[in-house]
Amino acid sequence: MAPTLQDVSFLLGLPLAGQPIGPLAEPVHWDEEMPARFQGTHPGQTDFLCEDHGPKCDWLLNFEVSQFTPPMSEAQITRSLEAYILWLLGKVMFTENHQTTISRRFIPIALEIAEAQTADDIIQRSWGSAVLAATYRGLCNACTLVSPKSGLLGCPLFLQLWSWERFPIGWSDIDAKRPFGANELDDPDHIDMPTFGILWTRHERRFARDQVRNCYPAFTEQFDMLDDRAVIWEPYMAAAVHARYPDGISNLCYRDCAYWMTQSKIIFDVSVEVMAQQRIMRQFGSRQLVDPPPPIASLPAYVHKYNRKGTTHSSTWWLQRIGSFVAEWDGATTHVWPNDEQFDPQEFDAYLQRYTAATRVRLIPPTDPAEAPPASMHDMYPTQSTAGSRQHAGQLTADVQDEVARHNSDVVQRHLLPLWHSTQQQRRPRLTPTATPRQPPPDRAGGSSWQHHTPSVVDFQYQHHGSRPRLTPTPTPRPPPPDQAGGSSWQQQHTPSVDDFQYQQHGLFGDYQQQAAFDQWQQQQVPFMGGAGYTQGYTQHTASNPSWGASDQDPEHMEYYSTQQNYVGMQTPPPEPTQETQYDPESGFWIPARITRAPDRFGWTPRATPPPRNPRRRP
């Protein structure tokens, strides 16, 4: 089923006979001539507003009939008619993406109709075929657009009326079964008789709370539930026309019936479209062939892509491209599809079997492909009640997801988890903890050279044998206060001031500072710690210490170390730590403040008996 020229005639009453509307001519100096024509037409009109695309819609509203005081002059009627035709063409029959302007290409046509004195002054045009071509092109583009701001172009009013006549979905709030009265549409001169679609002007104003929210999903659900018996295949039967309009309808609804089955292309501006009546013969009440014949002359794909976007070609240039299709419309009444045979339901069922097999995916019980039942027209419709189908489908989907999740969980618990556990047991090493002995204090042989930090946890070296036992936490003793022996104030890894030591020429600035400070203090403590024996122990320790190995090999460093032997006989203890930098007269060095006790302003006060620490447990 598809909109056709028959629908255009019955719903809109537009003529099909006449010249194709395309390609439209580009007006010259329209932005100067148009304000000159409308000058002085309305006393309160605003200044002329326009863009490159055409005049502004807000400016055209100045010339509505309601804006004038009767009686209107002939010039006012003419200009008001020109503005109305521009709005009718640009905002009803051939809508575009430009929301605030009307295409300038409609200006010559509107001017011609408004200033015509007789009917012969107006060129007869095929408005009906142009509206259908524009709607087809709008549908083609709408199928591929993904932007939320995209719109359906062409003539949405015609498409809406066509849908209401064919499907009982989304109807306006009207009484469609109540016929018009005898005098309700009476026109004594029979000039303006109603069309078949005039019924839909009876709709009542509806408030927002009565509208369908999320109408697109709601309409889609209703289409999914639509049954063949609810579709109106032939709405324009004589009985339906008489029941709706007892006094008859406009003769334009029947006048151009010879064009309804034409094979000629329909044209609007530079858009060329093809109708396919041979595939929708049922809506004409004619025989539908199982294999529809192809058209006599197909439309090239590159011609179907013609559009005005990004081009400034003249109408002459476009006429050279689509001139053959424009000339084809002259023989539109001679090249038609035959429709003299009556509709056959059985043959239509065979047509739908071929159609559904080629276009639909069916869900059938699992069986051999050779034994699969043939496609049927009933495959296009639900086989059972689908009330609330979308909500029901959503619940079914959730149930299926839960069932699959439970099945997967059961499979994982029964098969995958045991396999995973066994694999992990094979990969997991058997670990046995071995405690690393503590380093001796710095005042004994093999000490850490004043590295007074105590390890916080016991290091374990796991061996790949035996089982992994539970670890027993070992408490770590609390470090002494900074002002006592072994405290943080005398951590000699903090180097003296840069200005005091000038050992930068060998790139070992930090090592020389530490070496000099420690050698000085060590020589002072020799009398108190065993004399020369301590020195020998110190020498052995420094030789085994990798951090000092490079310094011991330095000749200049060795010379410096030999000079420190003069301090062996000194017994002067180191000065008491203070919060300010001190000068040591014995060694000749300045002791920086950062290795002394922390100031009281930091809030640190030593405790007489520190509380016991909770042992750290190894995770």
Side-chain angles (χ1 to χ4, degrees), residues 2-25 85 88-89 92-94 105-106 108-114 116-137 154-155 157-158 161-162 187 189-198 236 241 248-278 280 283-284 286 295-297 299 315 319 322-340:
T4 63
L5 293 176
Q6 181 191 39
D7 300 295
V8 175
S9 297
F10 273 97
L11 297 177
L12 302 181
L14 294 174
L16 304 179
Q19 298 181 5
I21 304 179
L24 295 176
I85 294 176
L88 182 65
L89 296 178
V92 179
M93 298 172 60
F94 310 104
R105 300 184 183 93
F106 297 137
I109 299 177
L111 180 61
E112 172 193 329
I113 298 174
Q117 299 299 322
T118 62
D120 296 336
D121 297 335
I122 301 175
I123 299 175
Q124 181 63 34
R125 296 178 174 86
S126 179
W127 292 105
S129 64
V131 166
L132 186 61
T135 304
Y136 275 14
R137 179 54 59 91
C155 187
L157 173 63
F158 163 67
L161 296 177
W162 174 84
D187 185 1
D189 299 328
H190 294 275
I191 296 176
D192 193 9
M193 296 296 292
T195 63
F196 194 79
I198 200 68
Y236 312 122
V241 173
I249 58 178
S250 174
N251 64 343
L252 289 176
C253 297
Y254 299 99
R255 189 192 70 177
D256 297 330
C257 60
Y259 290 85
W260 293 349
M261 303 300 297
T262 183
Q263 297 187 32
S264 299
K265 314 299 185 296
I266 52 179
I267 301 172
F268 169 68
D269 195 14
V270 299
S271 302
V272 183
E273 296 290 336
V274 179
M275 298 180 293
Q277 299 95 320
Q278 77 277 16
I280 52 174
Q283 66 186 74
F284 295 100
S286 303
I296 298 177
L299 181 67
S315 58
L319 190 60
I322 63 175
S324 59
F325 305 105
V326 174
E328 184 181 324
W329 186 254
D330 296 337
T333 56
T334 59
H335 301 88
V336 296
W337 295 103
N339 65 333
D340 51 350

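What you are looking at is a predicted structure, and each value in this text was computed from that prediction instead of being measured.
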Validation row: [X], [Y] side chains within 4.5 angstrom (heavy atoms):
X	Y	answer
I109	I85	no
V241	F196	yes
T333	V336	no
M275	Y136	yes
L12	L161	yes
T135	E273	no
S250	R255	no
W127	M93	yes

>> As an exercise, state the distance from CG of L132 to CH2 of W162, rounded to the nearest 0.5 Å.
In response: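 Here the interatomic distance stands at 11.0 Å.
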> Between K265 and I322, is a side chain to side chain contact (heavy atoms under 4.5 Å, CB included) present by the stated rule, with each step listed?
Replying inline: CA-CA 11 Å; K265 314 299 185 296; I322 63 175; over 6 Å; no
> When the ring planes of Y236 and F10 are compared, do they come out parallel, tilted or perpendicular, using 30° and 60° as the limits?
Replying inline: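 It falls in the parallel class, under 30°.
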> Do the side-chain N and O atoms of W329 and S129 include a donor-acceptor pair separated by under 3.5 angstrom?
Replying inline: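 W329 vs S129: no donor-acceptor pair found between side chains.
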